[in-house]
Amino acid sequence: MNRKFLLAIAAAASSMSTQALTWIAYDDSLGSKEYAVTDVAYTWHDALAYAGTVSANLVAINDAAENTWLGTTFAGELLWTGGTDEASEGTWVWSNGDPWSYANWNGGEPNDATEEEWLHFNWGGPGGWNDWESGADYVNAAQGNTSFQNDSTPLRAILERRAPVIPETSTWIGAVGVVALVAGAMRRRPTR
């Protein structure tokens with residue numbers, strides 16, 4: 001491969017992994033999650049790739065309460081989510097595999113106006129949804145389109161990850177007690 005190309009890829013990967021993300025906790029209908037917005041604007045596919053480098057996913061919005069919370073928490077700009085219908089036009093899925101059980105499309109959306117395959121958030125106001133076009137490197141072969149599209153305006157993205165499970169204090173105290181009992185019993189065993 002071309003040395004300049006490899007250096008460009010290494011520089012891009014390096015910049016992808018150096019962001020300092022601020023995670024905010026919220027419980028949605030599927031459990032506890034943490035959310036963050038990228039510091040860098042990406043095309044949808046690049047945002048998806050970046051999410052994987054930080055053990056996260058692009059956000060899947062599972063109910064109206066979560067949508068409202070996200071709209072309030074991350075208002076003010078358009079943001080990528082994990083919604084896509086690139087595999088089958090009109091069949092929307094979440095890139096993380098969550099069930100598609102809720103939608104908040106703005107009037108007339110999704111309209112696939114320019115072969116728009118990805119869902120961005122805050123369209124027309126906080127929490128509004130719109131489908132948006134692909135990046136320059138995307139070819140929608142599933143729909144028979146082999147022409148490249150103009151690059152969409154890179155956007156920052158909402159990331160999500162499952163919140164770590166932290167045992168309650170009583171669980172920790174109980175575990176420490178069990179370890180102490182076992183250790184004490186081991187010390188009292190007669191040696192032969």
Side-chain angles (χ1 to χ4, degrees), residues 9 12-13 15-17 19 21 26 28 30 33-64 66-162:
I9 289 173
S15 69
M16 280 186 167
S17 61
Q19 293 184 51
L21 298 171
Y26 176 80
D28 78 354
L30 298 180
K33 293 186 196 174
E34 295 177 327
Y35 302 82
V37 172
T38 62
D39 293 335
V40 176
Y42 298 106
T43 62
W44 189 89
H45 283 105
D46 288 344
L48 182 65
Y50 171 72
T53 69
V54 294
S55 301
N57 294 296
L58 293 177
V59 69
I61 305 169
N62 297 301
D63 58 43
E66 182 182 19
N67 193 80
T68 299
W69 182 83
L70 289 166
T72 302
T73 305
F74 302 116
E77 68 182 300
L78 299 175
L79 299 163
W80 287 126
T81 72
T84 180
D85 74 341
E86 68 182 301
S88 177
E89 182 58 40
T91 302
W92 286 86
V93 298
W94 295 114
S95 60
N96 71 352
D98 280 2
W100 187 274
S101 58
Y102 169 78
N104 191 45
W105 296 107
N106 275 5
E109 301 298 341
N111 62 11
D112 198 37
T114 56
E115 295 184 38
E116 300 169 326
E117 310 298 343
W118 297 275
L119 191 163
H120 69 146
F121 188 74
N122 289 333
W123 179 257
W129 295 13
N130 179 46
D131 55 339
W132 199 248
E133 64 190 25
S134 67
D137 294 334
Y138 175 74
V139 178
N140 190 348
Q143 295 178 28
N145 178 4
T146 57
S147 64
F148 290 106
Q149 297 188 13
N150 294 327
D151 198 4
S152 60
T153 302
L155 304 174
R156 296 191 321 150
I158 305 173
L159 307 181
E160 70 177 5
R161 64 184 182 190
R162 298 290 176 208

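Everything numeric here is computed off the predicted structure, so don't read it as measured data. Worth knowing before you read on, the calculation uses all heavy atoms, side chains too, and leaves out hydrogens, waters and symmetry mates.
- Rounded to the nearest 0.5 Å, atoms CG (Asn111) and CG (Asn130) are 6.5 Å apart.
- The shortest side-chain heavy-atom distance between Asp112 and Glu117 falls under the 4.5 Å cut-off.
- For Asp98 against Glu160, the heavy-atom pair with the smallest separation is OD2-OE2, 4.2 Å.
- Residues satisfying the side-chain contact (heavy atoms from CB on, under 4.5 Å) test with Asn104, not counting sequence neighbours, are Asn67, Tyr102, Trp129.
- Heavy-atom minimum distance, Gly83 versus Trp100: CA-CZ3, 4.1 Å.
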Trace of the side-chain contact (heavy atoms from CB on, under 4.5 Å) decision for Leu58 with Asn96: CA-CA 7 Å; Leu58 293 177; Asn96 71 352; over 6 Å; no
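- For the atom pair CG (Leu21) and CD (Glu34), the distance works out to 11.0 Å, reported to the nearest 0.5 Å.
- Asp28 meets the salt bridge (charged side-chain N to carboxylate O under 4.0 Å, His left out) test with Lys33; sequence neighbours excluded.
- Residues Ala157 and Leu79 come closest through the heavy atom pair N-CD2, 4.3 Å.
- You'll find the ring centres of Phe74 and Phe121 outside the 6.0 Å limit.
- Closest non-hydrogen pair, Trp105 versus Asp131, comes out as CZ3-N, 3.6 Å.
- Between atom CG of residue Leu78 and atom CG of residue Leu155 there is a gap of 6.0 Å, rounded to the nearest 0.5 Å.
- For Trp94, there are no side chain to side chain donor-acceptor pair (under 3.5 Å) partners two or more places apart in sequence or in a different chain.
- Partners of Asn106 under the side-chain contact (heavy atoms from CB on, under 4.5 Å) rule, at least two apart in sequence or in another chain, are Glu109, Trp123.
- Distance CG/Leu119 to OG/Ser95: 10.5 Å, rounded to 0.5 Å.
- Thr81 OG1 to His120 NE2: the interatomic distance, rounded to the nearest 0.5 Å, is 9.0 Å.
- Of all heavy-atom pairs spanning Arg161 and Ser55, the tightest one is CB-O, 3.8 Å.
- Between Tyr26 and Leu70 the shortest side-chain heavy-atom distance does not fall below 4.5 Å.
- Here CD of Glu89 is found 9.5 Å from CD of Glu116. Values are rounded to the nearest 0.5 Å.
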How far apart are the C-alpha atoms of Thr73 and Tyr35, what are their side-chain angles, what is the distance that settles it, and do they pass the side-chain contact (heavy atoms from CB on, under 4.5 Å) test? CA-CA 10 Å; Thr73 305; Tyr35 302 82; over 6 Å; no
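- When all heavy atoms of Ala60 and Glu66 are compared, the pair lying nearest together is O-OE2, 3.4 Å.
- With sequence neighbours left out, Asp63 forms a side chain to side chain donor-acceptor pair (under 3.5 Å) with Ser29.
- Taking Thr84 as the reference, Trp44, Glu86, Val93, Trp118 meet the side-chain contact (heavy atoms from CB on, under 4.5 Å) condition, with sequence neighbours excluded.
- Within the 4.5 Å cutoff, no side-chain heavy atoms of Leu48 are placed close to those of Trp80.
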